Structure formats: C-alpha cells, structure tokens
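Scroll down for the structure; my scribbles are underneath it.
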Amino acid sequence: MSVTDSATAPPRGGVRRLTTARAVAEGIAQEMERDPRVFVLGEDIGAYGGIFGATGGLLEKFGPGRVRDTPISETAFIGLGIGAAVEGMRPIVELMFADFFGVAMDQIYNHMAKIHYESGGNVRVPMVLMTATGGGYGDAEQHSQCLWGTFAHLPGMKVVVPSNPADAKGLMISAIRDENPVVYMFHKGVMGLPWMAKNPRAIGPVPQSGDEVPIGRAAVAREGTDATVVTLSLSVHHALDVAEQMAEADGISLEVIDLRSLVPLDRQTIMSSVAKTGRLLIVDEDYQSFGVSGEVAATVAETDPGMLRAPVVRVAVPDVPIPYARPLERAVLPGPDRIRDGVHRLLKA
Amino acid sequence: MSVTDSATAPPRGGVRRLTTARAVAEGIAQEMERDPRVFVLGEDIGAYGGIFGATGGLLEKFGPGRVRDTPISETAFIGLGIGAAVEGMRPIVELMFADFFGVAMDQIYNHMAKIHYESGGNVRVPMVLMTATGGGYGDAEQHSQCLWGTFAHLPGMKVVVPSNPADAKGLMISAIRDENPVVYMFHKGVMGLPWMAKNPRAIGPVPQSGDEVPIGRAAVAREGTDATVVTLSLSVHHALDVAEQMAEADGISLEVIDLRSLVPLDRQTIMSSVAKTGRLLIVDEDYQSFGVSGEVAATVAETDPGMLRAPVVRVAVPDVPIPYARPLERAVLPGPDRIRDGVHRLLKA
Amino acid sequence: MDDKTRLDLYRVMVLSRTYEEALLREYHADKKPAFDIGAGLLPGEMHLSAGQEPVAAGVCAHLRPDDAVTATHRPHHIAIAHGVDLDKMTAEIFGRQGGLGHGRGGHMHLFDPATHFSCSGIVAEGLPPALGQAFAFQQAGSDRVAAAFTGEGAANQGAFHESLNLAALWGLPVVFIIEDNDWAISVPRSASTAVASNADRAAGYGMPGQRIEDNDVDAVYAAAGDAVTRARAGDGPTLLEIHTLRLWGHFEGDPQAYRPDLAELAGRDPIPAYQARLQKAGILTAELAATIKDEASARVEKAVEFAKSSPAPEPETARDYLFA
Amino acid sequence: MDDKTRLDLYRVMVLSRTYEEALLREYHADKKPAFDIGAGLLPGEMHLSAGQEPVAAGVCAHLRPDDAVTATHRPHHIAIAHGVDLDKMTAEIFGRQGGLGHGRGGHMHLFDPATHFSCSGIVAEGLPPALGQAFAFQQAGSDRVAAAFTGEGAANQGAFHESLNLAALWGLPVVFIIEDNDWAISVPRSASTAVASNADRAAGYGMPGQRIEDNDVDAVYAAAGDAVTRARAGDGPTLLEIHTLRLWGHFEGDPQAYRPDLAELAGRDPIPAYQARLQKAGILTAELAATIKDEASARVEKAVEFAKSSPAPEPETARDYLFA
Ligand SMILES: Cc1ncc(C[n+]2csc(CCOP(=O)(O)OP(=O)(O)O)c2C)c(N)n1
Ligand SMILES: Cc1ncc(C[n+]2csc(CCOP(=O)(O)OP(=O)(O)O)c2C)c(N)n1
Ligand SMILES: [Mg+2]
Ligand SMILES: [Mg+2]
C-alpha cells in the first residue's frame, strides 16, 4: 500500500478528476488552511498518510503539531478529540477500521454523541470521527464490516457515507464545519486506492472550491421509472453498473438513490422515488437484519405501504460474519450478481 | 437496593409465584447444580447478589470459586468468559448495564460472536452474557438504554429478552445449555425489584422444574383480532395493560406478540398475526431508527405489504438520548399513553 | 500552608458535606415508606460523596475556573470545590429547566462550561476527554491544566491505562487523581486491584506518582500543589492516589450488608478530625466553625430553594438539544 | 541449555522463516504487475513475521500441546513454534475447505483446538480470552498454562492493562509476551509508549517483568522457562518483553517509506546470527544447517501443496457455522 496516493488523473476537458482519497485529503487540507482549530489525530495518519490515504500529504503541509500519529489507544485518543472539541478545537479523528469500534465505543456513543444533549445544549462537540468500512478484498471477519447501521441506531451523532470523490470532499467539509459530532464512514472500495482493484467510479471531477455537500440529503444518482434502488457507498457503484447494464440489455429503468447520509436520513427522497416506481430494492453492504435496510423498508411501511406494487427486496449481508475465502465472501456481499437477481425478483413479483 | 430480593409471594392455589429476578437466579442455580462447568462472573454478583438481583443467593450456595466478583474490567472478564467457554466451561457473565457495552464491545462482537464462524465450527463459545437494560426510573442517558437492536444487528450471538418470570427462567436455562453465545437482556422493570415501582406482571408462576423455554420462538401474550402489537420485554407489560383497558373501554381487540428472542427472530409468528389483523403496531423501548422496530416492519414489507390495511405504526424512543427529568423521560419512553395513542392512529388509518 | 488556606479547605469541605446532607434528606424525603428509586423529586441513582471531601478540597484549591475538571459518577464534592454554580447544579440534580443542562443530564452528567467542569457515569471514561482539554490548553500555549478524577475501582479499566500513557507521551498538563475509598460498590480494593498502591502504576508511564494516606486534606493540598505546578510549567502529568473514605453507601438505598467496617466509620470522618486539628492549631474556634456551618447551610438551602422553584422541563421539549 | 535444545530452537526458527518466505512468494505471485491486495490466491492483508522467530521459538519451546497460546495479527511464527498443523494452517491461509477453519478465518483468524491455539486481528484483544483458558486450567487443578502474545504497540491498548491486572489478581497461569519490534505499522515505539521498557509496567500489577534485548533466542528461552515454571507451579503470571525485529513491512505492500533503518536490517537478521553462534559453539555445521533448511523447505512446500490441492469452499455454504 503506497504512502501517498498518486492516482490523480490529468485534467480532462478542463475538469479536474481526483480519487476519493485525494478528494477527502484535499477537503481536510482546505479546512485546515481556513480554520486553525482543525487538527487530525489517529494511527498512521502522519507519515503514512492514513492506511487508506485519507490524510495523504497533510503531515508535510501542516506538521506534526496538527497532524498527529497516536498510540493504539482508541479510547484515549477519541476521548482526547472529544475534550479538545469541547474546548473549541475541531478535531478530525481517524478510527482506522470501523471494525475496531468495539474498543472505544463508550467514548463514541456515551460521550461524543451525548454530551451536547446531556448539557442541555450548553456544550458542543464539533468533531469528525472518520473511519474505513467494507470488504471485498479478502480481509475477513474483523476488517471488512460496514457497521453503519450500528452507528446510525445510536442518537446524537450524524452519520455520512459518501460514494464518490465530489461528495466525499463536500461532505468532509460539511462535517468539519458542523457543530455536532459527525461519523464519516468511507468504504475502502470507493477511495480509488492504487493497491486495490481498479474502480472507475472512485475517480471523478471534484471542485477546487471548498463547497459543502449538505448533510442529510440523498442524491438521485440515476433517474428511472421501473423500480427504486436505495443504497449507499460502494453499493451505489454496483447499483449504477447494474442499472446501466439492465437498461441496455433488458430495457429496465432503475432509479438509484444514493443515501449519502444516514443520520439525518432523507426519507423524503426515498418516498418520492418509491411513489413514482412502486417498487423498492434496498442494497446494503452492512448486515441485513436490524439495520439500514430494515429502516428504509420501514419508512415505506409506516408512510404508505399501499405505494408498494411488490414486496420490498433487500440485498445485504445475510447476517453472518464476512468470511475470508473469496467464493464465500462473494456469496455474502451485495455484488452486481446479487443485485441483478434482486431486481429480477422485485420486478417479477 | 436490597442485596437479596425477598419478594417471593406465598404459593397461591398451589402455584408458586416468583419475581423475575428470583426466577433468573433459580434457573442459574439449578443449572449450576446440574452442570459443574457453569460459573458466574461479574461486578457485584457475589455478596451483593447482582445489582438487579439476578444472582441473588448464588455465592452462598456455590462459593467464590464459581461465583466471582470481578474488577471493573469488562474487556478482561468478558474475554475471560470467552476463553473459559472455549476450553469447555459454561460461563455466565454479567455486564451490569447494557449501557456499558462500549467498553467491551470488541470482545463481545469481534470475539464472542465470531470465533465459532471463523473457526469453521471447530471452536464453540457456549456462554451467556447477561445484562440489564431499560429506563423509567430517572437514571438518565448512560444507564437507561435498551440497545438490543445494537446486539441483534451483529451476527453470531443469539439475543433473548424475557418479559416475565417463567420465560426468564426457561430462557436462562436454554441460554446456559445452548452451544452458542447468548446475550440475555433483562429490563430492570421486569425484575420485580423491591426498590422499584411495583409491577404486578413482574411476579408470576414459575415451574420448579428445569424446563427450557426455546430460544427463537415468540409468544402470543394475548389473542386479538383488530390489530397486532409486536413488542418485547417491559413494553409487553404496558401493551397488555393497554390491551386489557381498550378491550373493556373501547371494545378493541388487540393481539400482543411478545418477541422473547430477537436472534433468531420468529418472523412466522409476527406474520401469522398480521395476516389475521391487517394492522401492526410495534412498541420498542430501544431507539426507533435502524433497530428492532424497523426490522419488524421490514419483515412485513418484504413478505407481503398487501397484508397491511393501514400503515405500520411505531412507538419507540424517538432517536434522542434518554433524558433525566421525569417529564422528559416519560415523553420519550413508550409508556401506556403513547401506546394507546399509537393504537388509535393505527385504527383510524 | 497558611492559616487562611487551611480555613478555606475547611470551608469547602463543610459546604460539600452540608450539600450532601441536604441531598440525602431531599432524596429520601418522598421515597418513604418503601424505598422506590424512581419516586420523588430526585429519581435515579444517587452517589453521595460524604467522607471524600479532602480529595476534592485539596486538589481543587490549586485550580482556576479556566482549568478543566472531569469527575466521576460521584461528582458533587468535586464540582463544589471547583466552584460550579451551586444553584444551577442543584437545579440540574432536581431535573429542572434552570439546571446546568436544563434537567437533561441529572446528577451523573453535570456540565459547566463556565468552570470547564464535566463528569460521566461510566467509570474511568471521564479521563480521555480530560486529555483533550489539556491538549487544547497546551496547543494554545496557555498554562491551564486539567484535573481528572477517578475511583480506585475504575483504575482497573482500560481507559485509565490508555489515558495515562498518552498524557505522559505528549506531556499533557493533566493531574490524575484516584479517590481510593476502599470499595467499588461491594467489591473491596483487594478484590479489584493487584497492587497495594496505584502510585506504583505511575512508573509504568514514566510519570511521578504519589499515594496519600489518612484522607488528610493538608497532605492532599501539598501533593496536588506540586502536581499542578508541574503541569502548569509544561512538565507533564502526575498521578495521585488518595486514600479516602466512603462514609455512606455506594448509592442511596445500598444496604451495605457486604461491609464489615460500618461501625467504625463515624470515627474516621475527616471533617470533625480536621476541625479538631484546626482548633488545636488555633486557626479555628468552635464559634467560627458554627458560623461556617451556618453559612454553608444557608447557601445550600438557597440552592435547594432555587432548584425547587425552577420549572420542570416541558415534555414537548424532549427532542431539543439533540443537535446544535 | 543443552545442545539439542539449541538445535531445536534453530530448527523451529528456520522452519518459520522458510514458511514466511514461501508465503511471501505465493502472496505476491499473482498480484503483479500492479499490486492488488484483493487479487490472487491469497487476498487480504498479510502480516509476516520474519525476524521475530526468536520470540516464538524461545517461548513455545516450554509449552505442551495442551497449553494454550493466543497470538496476534502476525501469528505464523507462533503457530509454527507451538506445533499447529502446518497443512491445515496453510490451507486456511489459502482459504480452502481443508483449512483449520474451512477457509472462513484466513491468516488473522487461525483456531486450532488440538493445540489450543488462536489469534485475533484486533490488537491486544487476544489477551482476555487467554485469561479464560488459564482460568479453566486453574479451575481444573491442572498445571497447564496460557501464553499470550502481543505487540509493543498493542501494549498501549486498554485490554492489556485489564488483562494483566486480572491475571495477577487471580494468580492465573499466564505468560504475557510483548514482541517489541520497534514499530506499530509506521508509528515508532517512541511515539506510542511513554516508557522505555514495558517490563516496568509489570510492577504496576505486582507481577515479575523482564525485558530481553538483542532478539536473542537463548535469552528468551531462559526467561520464558522461568515464567512458564512459575505459572505451572501456581505462582501466577509473568510479563516478558522481547526486543525483536520486523525484517519486512508491516503487511505486504507496505512501502516502509517511513522507516529509516531499512539498510541495516539484513545485518540484524537473527537466524544467520544464531547459526553462526551455534557453528562457533560446535553445535551446528554448515552441512547440518543446509539439511535443516532443506527439511524445512520440503515440509513447507508439502504444506503449500496440500493447501493448493484442497478445494475452495462452496458459495452455498457461506452461512454454515453461524451457530453450532
Ligand atoms: C464501565 C463501567 N462499568 C461499571 C459501572 C458500574 N459502576 C458504577 S460506579 C461503580 C464502582 C466504582 O468504583 P470506584 O471507581 O472505586 O468509585 P467509587 O464508587 O468508589 O467512588 C461501578 C462498578 C460503570 N458505571 N461503568
Ligand atoms: C484495536 C486495533 N486498533 C488498530 C488496529 C490496526 N493495526 C493492526 S496491526 C497494528 C500495529 C500493531 O503494532 P504492534 O502491536 O507493535 O504489532 P506489530 O504489528 O508490530 O507486530 C495496527 C495499528 C487493530 N488491528 N486493532
Ligand atoms: Mg471506590
Ligand atoms: Mg510492533
């Protein structure tokens, strides 16, 4: 894995294209320039540039005072971020893999997420907890999980999940400026890392400007009429691939909703689309039960189940840990084949 | 809070009645007598008898070798339980409040829950992780949470949530005998503690025998025809109270389903009831979004949304931390008033 | 130590004890005849600190309002010693709109931005945020410090280890204080901690460590003075363990059946002992002691009055303050 | 130490190194020209242990197959030294049905009930389960012990502290071994650990602690012998820190741009050094060394063959083994 991510493509037709990893790092750098209160903490975020490249180049630019490698003490350094935020700083703390949340969850959900509420609004905790999620490259049970359902279930923190470079930058800027704790979850597969399988959707146009992408608004990643696919993060890429293919091969028109934020959840955009298509497929790389896919389906069921011309279909990880061996991992992840199969089931019903 | 719970009512009509706390302790004691591999670990589970009485009398009966108070080191002692289970023992480990899961979640979900799968079935982790949940007595944000959605979302552990003394004993016996890790979550309000508000449903007939209550089967706590109320734990008590009242006052016939287990979830019993009533109210003391209530609603939406004669209604904690002040706590918990209101909304639609 | 300082320590301890006595009274007032934890004006767990006043008084005497303090589930004596507004704190404990957190937090979740005070109901988990406050002070080039309190039971929690290592590594201006009251609920120190003194753990982080015996406020004051000076000077953290006394139950309602030393507790009360010492030293008279107690009572009763007259929060506002 | 023991240590180290060389080859074989972590027969992270063989060999020489061992994300040398079946282990790393975990776990999750071996990809979190194994042994009245390995980076994780305290408190038969290879990925020890020797932390738990310098297998063997004897005798846990060497990257693909000592690494390789020492002592000849290497290669290649010829798991079985 390379220390800095060099996969910046040359500007094409005047449009500058970056990998998601570079877009994230650029968003952080611009905010650090703008606001001296912003600093970055975490394991290997300095000289290494972040294991997944999200902090590449920051140490060189801002020095070890503002870009600090930490010991492997997640409870201590996430807590340190909380205290610094309380005193007016703007920490960005990286938890290397979301899978490791269990060693520091008390700081995250009993402190970071609750202090503002417990204090009756008198204490703010404006910080970003950035973390890598997802599988698909053989890293097995403890390094492949998405777990966003776990974070989204617990109140007091916003949760964002960008799928592309431009959103990644804009949501990072919004997260840093937000007065609340924001959990920023990036899937390794959307980062455009040079040491992972090439993913053309992980590189794209990114504005130079420091514009925000608003937290809490889903994007219609593709318009369509036959069915709605609600999804997030890397699964957006797969859903778009499938949608393009099925449009061409089968004449099926899929609308793809990229949630982008889980908290707040943009239920309106989901409902508008389902109202139009009458059919809902939810694709989620997190565990299926008691998570994101259930919440999206419930949103329809409690608003107007009569909208549904067919039962909702869910394609998610079928409530097992993520296995190591490739055929098994493929079987449990919501890849294009399983999505296509889901669309067929949805349309047949 | 009394060290042992003395609220055993005298046998009425030959039927022995116990509080839930005593029923749990009795189940553990009988299993400890039957099986020398069973032992109990946790904070204040010895001389104190468990802060919520679940281990009352065990130290006196079995001595400090098998009933061990621990330091406040949840990661170490839950992990100790895991290792002991791997070597053939049958630990019951108490995490005093479910709210504290964050200091030990890595042991729980990355180890306890995954070792069996990672080992391809070659290593078993037969243990019970017992923990207290729930609010309603003014204990605020860090001591009032249910959080069962969080546990149920992560694969590899069974999750049970008894609502009454007989189930509590039978499910404890099943949990101890199960070859898998079982998270046993009791709401403080169902325990029949002498230092909490009296709750007549927290005391009831309990068989002397060591019979199991099977994990994974919901109970129809009350039959009805107008609407289905799917709920669990203390909310079952409130739902039954409301159902009795509404039957009498309004002639409304509610069917109340007590889930009893979240993993595995008895979707069949839910669906059969909804098929009959066509209306579904979900009552859950956990946070509303991305949790149990969403999963139950999704089950209907993905099976047959056409069953629903009205939109599903959810009564849960509205995605805020549990506040301290009584009027605020009342406002967020799913008490009888909010349930009644939910029924009205469901039936009006 | 000059006389005025010792008198001030005495005053703070008396104020704290007077406060806890008032809370004890108010907490139980409407939970009779059968104790019901959820009933009355003050529902929920109530962890009172009577007996532990020397720790709070001795440490906080060295702090300024712009220094940070993080306390535990047993926070009142520390909040009082650090100068948290007594009216607002009491209103918070009563769950009122006029409270520090508008009644949202209650007694385990007191947050006072004016004095950079906070606490947490999760043991040892108040330490990491204290590091962050200290970090902010360090980065700003100020001489402000953070004092982070925890119990001897909590010192066996992972957060303790991580926090001490990181604070030492980065030379953060923190003073760690362990209140060793011999018990973690029903578990005696001997059943929780593999060493006799937590000061022995300081060497494992390359920081100075000291254990103070006998619940002696003068000794606490001296040791804390050194530690705070060190932190202010940029010389990094210190670990202090203070052997103190839990005079009452772990929480109210605790029958303490597990406790063999109940009979001798009254004789170990640090406040009469300090009073006697100061009187012997000619610093305090019985009359002045009575005045101090009266002043404390007046202040405390005013706070209780303030709390009781503050309105309860409206149910409709339960979702306020989720996000800023 | 007798000659045979030293030769055995050498053999184990050579076998381990030979194994890692083969995995290195196989791992990269089909990830060219551009490195793609998810490609090839061996996808995912790969943490190899070359340079750290003295730790595993020296400690595990004292263990029986009925003793428990928990290792880290870098587990191969330890598994080999403890006698985990090489064929099944390799098949697991290749994700095959014939593997220890039928291909479910992979290289960071090796579980061998036959030798009570396990490991975990979460740093320091392998320690708590080791306590439980030791507890089970203690309760059974046996003299079995548990050896729990962790890295110097991981020694700053809360689980480390909690585990050492609990093990000492209950006198559990555990030997804690810290492999100090100077680095935690790109973070040097000086940026993670507030003290020069983790042995200094042992005093904070009232257990013996010892640091062994120079990656010296004889010294490791001696110290571990004492520690294992103590544990078997019921005298409780010991903490050993061994200064060792990460000869290669943290994981394969690590460019190690952060590392200033790359040039001198080869000269610090412990295996040629030990070979020279044994040859000088007349215990080993160049011929015997060659034979040992050949035997190791044969054994390793057989294991690789076994792995490659074992079938891949069927996709339909992905949900198997969720529950027993
Ligand atoms: C992580 C965690 N585990 C358990 C508890 C429950 N608990 C609250 S206070 C307490 C005892 C604390 O003992 P100590 O640290 O000595 O403080 P003391 O109560 O004696 O002041 C326990 C176990 C908790 N709040 N947090
Ligand atoms: C709790 C946790 N945090 C972070 C990581 C990511 N990680 C894997 S190995 C490693 C470095 C470990 O260093 P050390 O303990 O010294 O072992 P070494 O790799 O040097 O053998 C890190 C940070 C992890 N696996 N678990
Ligand atoms: Mg204590
Ligand atoms: Mg290392």
Side-chain angles (χ1 to χ4, degrees), chain A residues 36-37 39 41 64-66 68-91 93 103-127 155-158 178-182 215-216 263-264, chain C residues 68 70 88 92 97 99-106 108-114 116 118-140 144 146 148 157-167 169-170 172 313 317-324:
Chain A
R37 301 170 304 169
F39 70 103
L41 276 185
R66 293 179 71 192
R68 289 235 178 169
D69 279 337
T70 61
I72 313 174
S73 305
E74 286 85 356
T75 288
F77 72 74
I78 293 174
L80 190 150
I82 295 170
V86 163
E87 293 298 334
M89 297 186 80
R90 295 267 164 172
V93 184
V103 301
M105 195 56 176
D106 189 73
Q107 284 299 318
I108 297 170
Y109 97 105
N110 263 338
H111 293 84
M112 183 184 86
K114 288 185 182 152
I115 286 175
H116 181 263
Y117 188 86
E118 289 168 338
S119 75
N122 287 317
V123 178
R124 291 182 174 184
V125 189
M127 67 184 277
M157 41 194 170
K158 299 187 178 178
D178 203 289
E179 291 294 330
N180 301 286
V182 179
I215 296 176
V263 179
Chain C
T70 66
K88 288 193 196 169
E92 185 59 28
Q97 196 58 35
L100 287 170
H102 303 312
R104 271 65 185 169
M108 283 191 275
H109 312 110
L110 302 170
F111 293 87
D112 180 24
H116 303 268
S118 64
C119 55
S120 170
I122 311 297
V123 308
E125 296 280 334
L127 304 183
L131 302 189
Q133 296 178 292
F135 179 81
F137 302 160
Q138 187 188 56
Q139 292 296 103
R144 296 164 65 188
Q157 180 70 224
F160 173 85
H161 175 67
E162 295 190 9
S163 298
L164 268 73
N165 181 63
L166 188 54
L169 191 70
W170 290 2
L172 298 176
T317 65
R319 301 188 63 172
D320 291 1
Y321 310 124
L322 176 63
F323 289 125

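Quick caveat, the model's predicted, so the values are computed rather than measured. Letters A, B, ... mirror the listed sequences (proteins, then strands); counts begin at 1.
- For the set Met112(A), Arg66(A), Arg68(A), Lys114(A), the count of heavy-atom pairs under 4.5 angstrom toward chain C peaks at Arg68(A).
- Here Ser73(A) contributes atom OG and His161(C) contributes atom NE2; the two are 7.0 Å apart, rounded to the nearest 0.5 Å.
- Neither the backbone nor the side chain of Leu164(C) has a heavy atom closer than 4.5 Å to any heavy atom of chain A.
- For Glu118(A) (side chain) and Phe111(C) (main-chain N/O), no donor-acceptor pair under 3.5 Å exists by modelled atom type.
- In this structure, chain C has heavy atoms under 4.5 Å from both the backbone and the side chain of Phe77(A).
- For Val263(A), the part lying under 4.5 angstrom from a heavy atom of chain C is the side chain only.
- Interface remark: Met157(A) contributes backbone atoms only to the contact with chain C (heavy atom separation under 4.5 Å).
- Counting heavy-atom pairs under 4.5 Å between each of Val123(A), Asn122(A), Asp106(A), Ile82(A) and chain C puts Asp106(A) at the top.
- Considering only heavy atoms from C-beta on, Gln139(C) stays 4.5 Å or farther from Phe39(A) through its side chain.
- We find that Asp178(A) and Lys158(A) are joined by a salt bridge, their nearest charged nitrogen and carboxylate oxygen being less than 4.0 Å apart.
- By number of non-hydrogen pairs under 4.5 angstrom with chain C, the leading residue of Thr75(A), Ile115(A), Val103(A) is Thr75(A).
- Side-chain contact between Ser119(A) and Leu100(C) is absent, with no heavy atoms from C-beta onward closer than 4.5 Å.
- Within the 4.5 angstrom heavy-atom criterion, no atom of Leu110(C) approaches chain A.
- Within the 4.5 Å cutoff, side-chain heavy atoms of Thr317(C) are placed close to those of Arg104(C).
- Contact of Leu322(C) with chain A is made through backbone and side chain together, with heavy-atom distances under 4.5 Å.
- Here Met89(A) is the residue among Met89(A), Glu179(A), Arg37(A) with the most heavy-atom pairs under 4.5 Å with chain C.
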Table please: side-chain donor-acceptor pairs of residues 126-135 of chain C below 3.5 Å, with sequence neighbours left out.
residue: Gln133(C); atom: NE2; partner: Glu87(A); partner atom: OE2; Å: 2.9

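- Under the 4.5 Å side-chain criterion, counting only non-hydrogen atoms from C-beta, Ser120(C) is not in contact with Asn110(A).
- Here Glu125(C) is the residue among Glu125(C), His109(C), His102(C) with the most heavy-atom pairs under 4.5 Å with chain A.
- If you tally non-hydrogen atom pairs under 4.5 Å between each of Thr70(A), Ile72(A), Asn180(A) and chain C, the highest count goes to Asn180(A).
- The part of His111(A) that comes within reach of chain C is its side chain, from C-beta onward, which places non-hydrogen atoms under 4.5 angstrom from that chain.
- Asp112(C) contributes atom CG, which lies 10.5 Å from atom SG of Cys119(C) (distance to the nearest 0.5 angstrom).
- For chain C, the nearby part of Leu41(A) is the side chain; its heavy atoms alone come within less than 4.5 Å.
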